[in-house]
Amino acid sequence: MTENKYNIQMKKYLIVSILFYSLSGNAQNAPALKLQYNFPAISWEKEALPLGNGNIGAMVFGGVGIDSIQINEHSLWSGGPGKNPNYNGGHARTPEQAKQNLQALRKAMQEKMTDFTNRQAAFVDANGKVVAADYSPEDSTMRSYITALMGDRTDFGSYQSLGNIHIAYPSLSGNTKVSDFPAYTNYHRELDIDRAVLKVSYTQEGVSFVREYFISHPDNVLVIRLTANKPRSLSRVIYLTTPQPAVNITAENGVITMTGKPADQTDNGLKFARQIKVKAIRGTMKVAGNKVIVENADEIVLLSSAATNYRQSMDDSFNYFTDSAPLAKVQKAITRSAKKSYSDLLKTHINDYQSLFNRMSLFLTDAANTENKTTNQLLTGYKNNTNSAAENLYLEKLYFQFGRYLLISSSRKNGLPANLQGIWAEGLAPPWGADYHTNINIQMNYWLAEQTNLPECHLPAIEYTKSLVPRGRVTASHYYCRPDGNPVRGWVIHHENNIWGNTGPGNWYTAFYFPAAAGWMCQDIWEYYNFNQDKAFLEDNFPIMLDAALFWVDNLWRDSRDGKLVANPSYSPEHGPYSLGASCDQAIITELFDMVLKAASILHKNIPEIDEIVAAKNNLSGPQIGLAGQFMEWKDELQLDITGDGGHRHANHLFWLHPGSQIVAGRSPQENLYAEAMKNSLNTRGDGGTGWSKAWKINFWARLHDGNRSHKLLEELLKESTLTNLYDTHPPFQIDGNFGATAGMTEMLVQSQGGYIELLPALPDRWSDGQFKGIKARGNFELSAVWENKSLRSAEIISHSGNICKIKYKGIKYYSVTQKGGKTISPKPVDDNFIEFETTPGAVYVVTALL
Ligand code: FUC
């Protein structure tokens with residue numbers, strides 16, 4: 001190296017060091033991430049605050065006179081084989097009837113579509129106007145075929161609340177009137193998401209009281225500690241309540257025990273148990289009925305755990321119950337944690353939580369809650385445009401990390417996946433049974449998992465998918481046959497699923513038919529591999545993906561109009577109408593085939609089925625741009641598509657763009673045309689929609705490289721679809737929007753679905769300066785970056801698996817690349833905006849803008 005080159009190199013190294021030094025320095029000064037309020041919660045849905053460890057969920061109200069903590073256990077479900085030993089996963093009619101109907105419907109559908117094309121196909125009239133028609137509504141014969149494809153939702157069941165813990169002042173649990181309760185001041189309630197600890201504090205009669213709450217994953221226990229700054233000032237009554245009618249509650253030696261079962265379960269069905277152990281420092285403790293009373297203590301610590309006898313059935317035994325009593329599991333957790341000090345429990349909890357949470361950080365320059373506003377003040381200010389720019393950035397950052405907090409709290413290894421409400425649900429009949437909807441919702445719950453560096457939290461979704469396969473095979477052979485009437489291979493699920501292997505179609509006319517759901521769930525398997533490069537994992541799960549693909553190889557229908565393969569019947573999710581080859585189905589099938597072919601090549605699978613998939617893939621009906629310039633939702637150009645149909649919330653026809661990877665803006669001229677058509681479709685649809693719909697649109701616009709539009713959707717989500725406790729609302733509360741928004745904000749910073757890493761692909765003007773650390777990209781790269789004035793200053797790339805690193809960024813050819821430790825890299829410039837270089841596993845590469 002010449003003297004001059006050496007100097008330049010040193011200079012670059014210094015700049016990089018300074019930038020990354022400032023990254024860590026700034027991160028240390030980053031404002032604490034807290035949801036905070038100056039009032040106790042009254043509304044469960046809007047104000048209570050969530051805690052969770054993947055098994056136990058809690059919604060804390062933080063009341064003063066009586067505090068209530070509503071508790072969930074992830075596997076507490078009604079329905080299923082515990083209610084009806086003959087429960088069969090939702091299959092109705094005989095397989096012969098179902099298939100006869102399917103065949104009749106397929107033929108009628110082809111005739112209807114052929115007739116539509118012959119009579120009403122869209123055209124451009126003499127004035128240049130696109131003239132299109134809509135499909136006529138299904139006639140009564142067709143309706144009867146469709147209705148006969150429905151499943152049986154009897155005994156589907158519902159996720160349910162386990163009950164509540166109450167901590168009351170003795171005066172309020174006895175006969176004293178509430179009006180005699182002494183006034184309190186300085187009330188503060190906060191959820192610290194940097195540590196996953198909730199705190200309530202207030203002053204009453206000159207004494208400061210503090211309560212801290214957390215749910216430890218390692219110890220599987222909810223811990224609540226009450227302290228006061230004056231000795232002997234804590235007197236409390238602790239008791240349990242529950243909406244569950246079939247329970248037994250007892251108290252003995254400072255421990256309250258509740259056992260029972262969901263009311264619909266037989267003796268061989270689901271059983272649950274929970275305990276709360278009360279520990280008091282000084283003071284006295286006694287039991288009265290099924291309550292524990294502590295008087296004049298310095299400190300009170302409550303330990304609570306919960307369990308059921310549920311086991312996830314991974315085979316065709318469909319045995320969902322363990323022999324072991326849930327109470328034994330609970331007692332074990334309580335006994336073990338009772339031996340530990342509060343500070344040990346807290347330390348173990350924080351270490352565990354931060355081992356996940358701290359892997360990724362986002363720093364938006366200047367973000368600050370300068371006046372320490374409460375979260376509802378920040379939200380109101382955001383809505384009314386009265387916040388400072390710094391406060392808005394702080395709220396966005398808080399909301400971003402809240403998504404990660406919620407995933408860590410509701411989805412942990414060996415637990416069930418996050419449902420429609422994560423792990424939190426009130427009462428016995430939460431909205432949609434707080435189940436697993438697989439036509440967008442559960443998938444959206446996991447979009448953030450890999451990108452934001454939480455692969456462990458992703459695994460429950462994959463285990464859940466695996467658990468659906470055995471019954472999904474039964475559903476496939478019950479409801480489906482090849483167009484020639486022969487049996488199909490593979491497995492299938494539809495749009496609503498429970499924890500009892502419900503894989504049959506639902507019974508809601510406008511949504512039940514969604515056999516593409518299984519293929520979509522396979523995306524989690526493929527993405528886990530993509531991000532973590534774990535070949536053993538891919539090998540283990542390959543048969544699941546292969547069989548989902550073979551289901552479609554056997555089910556595809558040759559459209560006699562053009563000879564292409566289509567799903568038949570096909571229903572654009574919750575939008576319909578029934579037709580051939582709606583874009584969403586075709587996109588998912590294409591993505592599924594693509595994933596399987598890529599996986600087969602990585603795993604060197606030389607099996608004949610691969611040739612079948614290749615042949616089917618080559619003949620699939622693909623994406624289309626309509627005469628009106630829109631990205632078509634159906635195979636035929638419809639008026640509905642051109643007008644936007646009143647802004648329907650589903651936009652699943654853009655699956656090709658996101659979460660699929662078949663159309664990547666900027667990858668090829670043809671893909672750019674599709675991207676433009678998608679913009680037209682999104683514009684026609686408008687930016688409205690339910691919470692999750694807006695969250696999805698953040699992702700769409702990020703993938704269309706329009707950061708300002710993504711940000712606009714984020715603003716609308718925060719203004720219109722976010723509750724005081726930052727829960728997303730559909731309405732009602734539905735957690736997918738939280739997760740989807742965090743994923744979308746990450747897509748604004750890094751994308752990698754196109755086979756290369758795109759840095760800052762959709763940075764909004766509002767985020768002109770900032771830094772992030774720890775975002776993952778496909779290929780098992782871990783990235784950090786610093787940008788100023790919307791321009792990349794430097795990036796750090798950890799290559800965990802030693803893959804070739806391909807980076808796309810405007811002018812990246814003119815950035816320097818060094819391997820940490822000194823070595824300069826000479827990347828291959830593909831063009832000004834694209835470089836690639838080989839990497840060594842474990843090595844760190846630094847990309848720096850030249851001054
Ligand atoms: C899908 C959506 C609804 C709702 C429900 C839980 O059916 O279309 O909007 O989110 O799931």
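We count ligands from 1, going down the list as the structure has it; atoms in each ligand are counted the same way. Here the structure is a predicted model, which is why all the values come from computation and not from measurement.
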- Message: Is the terminal nitrogen or CZ of R153 (NZ for Lys, CZ for Arg) located under 6.0 angstrom from the six-membered ring centre of F156 and within 45° of that ring's axis?
- Response: yes
- Query: At a 4.0 Å threshold, what atoms of ligand 1 neighbour a non-hydrogen atom of H650?
  - Reply: 2 (C), 8 (O)
- Task: Please confirm whether T690 comes within less than 3.5 Å of ligand 1 when only nitrogen or oxygen atoms on both sides are compared.
- Result: no
- Query: So is there a nitrogen or oxygen of H495 less than 3.5 Å from a nitrogen or oxygen in ligand 1?
  - Reply: no
- Residue pair Q70 / S161, side-chain heavy-atom distance below 4.5 Å: yes
- Message: Against the six-membered ring of Y145, is R106 placed for a cation-pi contact (under 6.0 Å from the centre, within 45° of the normal)?
- Response: no
- Item | Contact atoms of ligand 1, heavy-atom distance to H730 under 4.0 Å | 3 (C), 4 (C), 9 (O), 10 (O)
- Salt-bridge criterion met for R412 and E456 (N-O under 4.0 Å): no
- Any luck finding a side-chain donor-acceptor pair between Q244 and Q160 under 3.5 Å? yes
- Query: Going by the atom numbers of ligand 1, which of them fall below 4.0 Å from some non-hydrogen atom of L420?
  - Reply: 6 (C)
- Query: Does a donor on one side chain sit under 3.5 Å from an acceptor on the other, for D435 and Y159?
  - Reply: no
- Message: Heavy atoms only, cut-off 4.0 Å: how does N441 contact ligand 1, side chain, backbone, both, or neither?
- Response: side chain
- Hey, looking at atom 2 (C) of ligand 1, which of E496, E574, H437, Q734 has the closest heavy atom? E574
